[in-house]
Student: 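Quick one: the structure is below, questions incoming.
So you know, we letter chains A, B, ... as the sequences are listed, proteins then strands, and number each from 1.
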Amino acid sequence: MNNIMAIARRELANYFATPVAYVFIVIFLALTGVFTFYLGGFYERGQADLQPFFLYHPWLYLFLIPALSMRLWSEERKAGTIELLMTLPISTWQAVLGKFLAAWAFTTIALFLTFPIWITVNYLGDPDNPVILAGYLGSLLMAGAFLAVGAAISSLTRNQVIAFVITVVLCFGFILSGFPLVLDFFRGWLPHGVVMSIAYLSFWTHFDSITKGVIDLRDVIFFGSFIACWLFANVILVEMKKAD
Amino acid sequence: MDPMIEVRNLVKRFGAFTAVNDVSFAVRSGEVLGFLGPNGAGKSTTMKMITGFLTPSAGSVKVSGHDVEASPIAAKQAIGYLAEGAPAYPDMTPVEFLIFVARVRGYSGNELMQKVDAAIDRANLRSVAHKNIDTLSKGFKRRVGIAQAILHDPPVLIMDEPTDGLDPNQKHEMRLLISEMAKNKAIIVSTHILEEVNALCTRAIIIAQGKLLFDGTPADLEQRSAYHNAVTLTVSGGASTDTIADALRKVTNVARVEVSAGADGRMHVVAFPESGASVIGDISQLVRAQKWELDEISVETGRLDEVFRAITSGTSESGREVLT
């Protein structure tokens, strides 16, 4: 446990040691503002809730989260520090978990800094705060899912740009896997059951129901097991690729 | 006493290429093992398997009694490892970096700070302790790697080319540091600087193309040299080099004689003895009797570079042209 925390602390400190953290947070806050107020029509709707705020989170995460996750393992491999890390007395899963937790903690910080919008909506009206809390929870879970994909992809390559691009494409698929765009691609040649399973993997459906205030255990389990699967893949990929 | 490092029939294949081919050796506490071999011989690969970074294709490694594959954590706790190029996180300062390593190694609180402090002193990092690692010179970076490796005072220390790229002063310091630590540790040092073997190591191993070709003391290695006990006469004038060479050839136990011109224009006559024999006594008597005028007369202990080339290229001769 101490090992995991030591790794996580270093990773988290590393975000703040470079401009990455500040650039990320500023862009994230600016974009949430733009999306909520302009595209989401926060005022025009005349409703005291954060629907327009959460609505665009999948799209924001699509580009911002891969930027956080791309360096997790690629950087270690490129700098050769992976040899240092993997010869310290820790298991691969501890390193994988430590790095993931650091990135997730960082997104939590960024998400927490959106609190002024929550204050605003409470000032302007009388929103259903438990629904907003559920929205934040759903957003965090979805961010974790993006990060788990990104971390695993990052261990595949020394090149951060490649890690970024592949992660964006994969996550795009996962957001839209319940939509005809993705499903039509599979429908022609895969059995119906498999196509329905792909549809079930859609972040959008699971996220959407949580932000509406319905915390269905199945959605939480979906994100939890999705993260676990990708972290498991991450461990295997690190083992396979560490010395390449 | 059981060896601290035990390598048995170690094999590593990358696809069709065999990087390490059936290598076995053992290192005890108090020994400094010099790991020699040309670039790409399999030195680093072997070290990576000992430290648990790479999984062997066959064979086993035991460190401090723990099998590296079966109980990697216990083995890694006993090892301090300086990987090739001394990798360290560039955005951290040496202090931050060492605190991180100490935390991962399970230290906390006062003990942690003591360990970090001691490592900084040991590796002489005080002056750069709070500068970012990516701004440090090569010598300091290497020392950061050393500090990280010795932080937990491990019984086993494995260093991949610790002096590579350092200036002569830094090399000297690094060797001093390693010698200091040698008493109660089993140390493996890889290098392709042969002088280092004499300066540092109690034992040397040569591998080439993945195979173990030599395992013995540096003195054993020197004895393999044709130059072992060879006598060199530097001639200033008077008797011609041909006369001297002819006379030397008649001395008992002299196998052959070489004449060559030095860079300064002076002539050198080298008498090679039969293997294991010593000829300096007879030759010095001859020099006095003949009253040759010499600038210098010297006995060589052996030339490691020549032995190294001979062993790793599979030939017994040094390849130099013999003038008679």
Student: Check each atom of A:Thr87 against the heavy atoms of chain B and say whether the ones under 4.5 Å are side chain, backbone, both or neither.
Tutor: both
Student: So what's closer than 4.5 Å to chain B heavy atoms on A:Ile7: side chain, backbone, both or neither?
Tutor: both
Student: Select one option (side chain, backbone, both, neither) describing which atoms of A:Ala17 are under 4.5 Å from chain B's heavy atoms.
Tutor: side chain
Student: Sort B:Tyr81 into side chain, backbone, both or neither according to what part of it lies under 4.5 angstrom from a heavy atom of chain A.
Tutor: side chain
Student: Looking at B:Lys76 and A:Met86, would you say the former's side chain and the latter's main chain have a donor-acceptor pair under 3.5 Å?
Tutor: yes
Student: At a 4.5 Å cut-off on heavy atoms, which part of B:Phe97 comes close to chain A: side chain, backbone, both, or neither?
Tutor: side chain
Student: Where the side chain of A:Thr114 meets the backbone of A:Ala110, is there a donor-acceptor pair that is under 3.5 Å apart?
Tutor: no
Student: Under 3.5 Å, is there a donor-acceptor pair linking the side chains of A:Thr107 and A:Tyr61?
Tutor: no
Student: Below 4.5 Å from any heavy atom of chain B, which atoms of A:Glu76 appear? Answer side chain, backbone, both or neither.
Tutor: side chain
Student: A cation-pi test, strictly: NZ or CZ of A:Arg10 under 6.0 Å from the centre of the six-membered ring of B:Tyr89 and no more than 45 degrees from its axis. Yes or no?
Tutor: yes
Student: Between B:Glu96 and chain A, with a heavy-atom cut-off of 4.5 Å, which part of the residue counts as in contact: side chain, backbone, both or neither?
Tutor: neither
Student: Establish, yes or no, whether the cationic atom of A:Arg71 lies under 6.0 Å from the six-membered ring centre of A:Tyr15 and within 45° of the ring axis.
Tutor: yes
Student: Sub-3.5 Å donor-acceptor pair from the side chain of B:Lys12 to the main-chain atoms of B:Ser57, do we have one?
Tutor: no
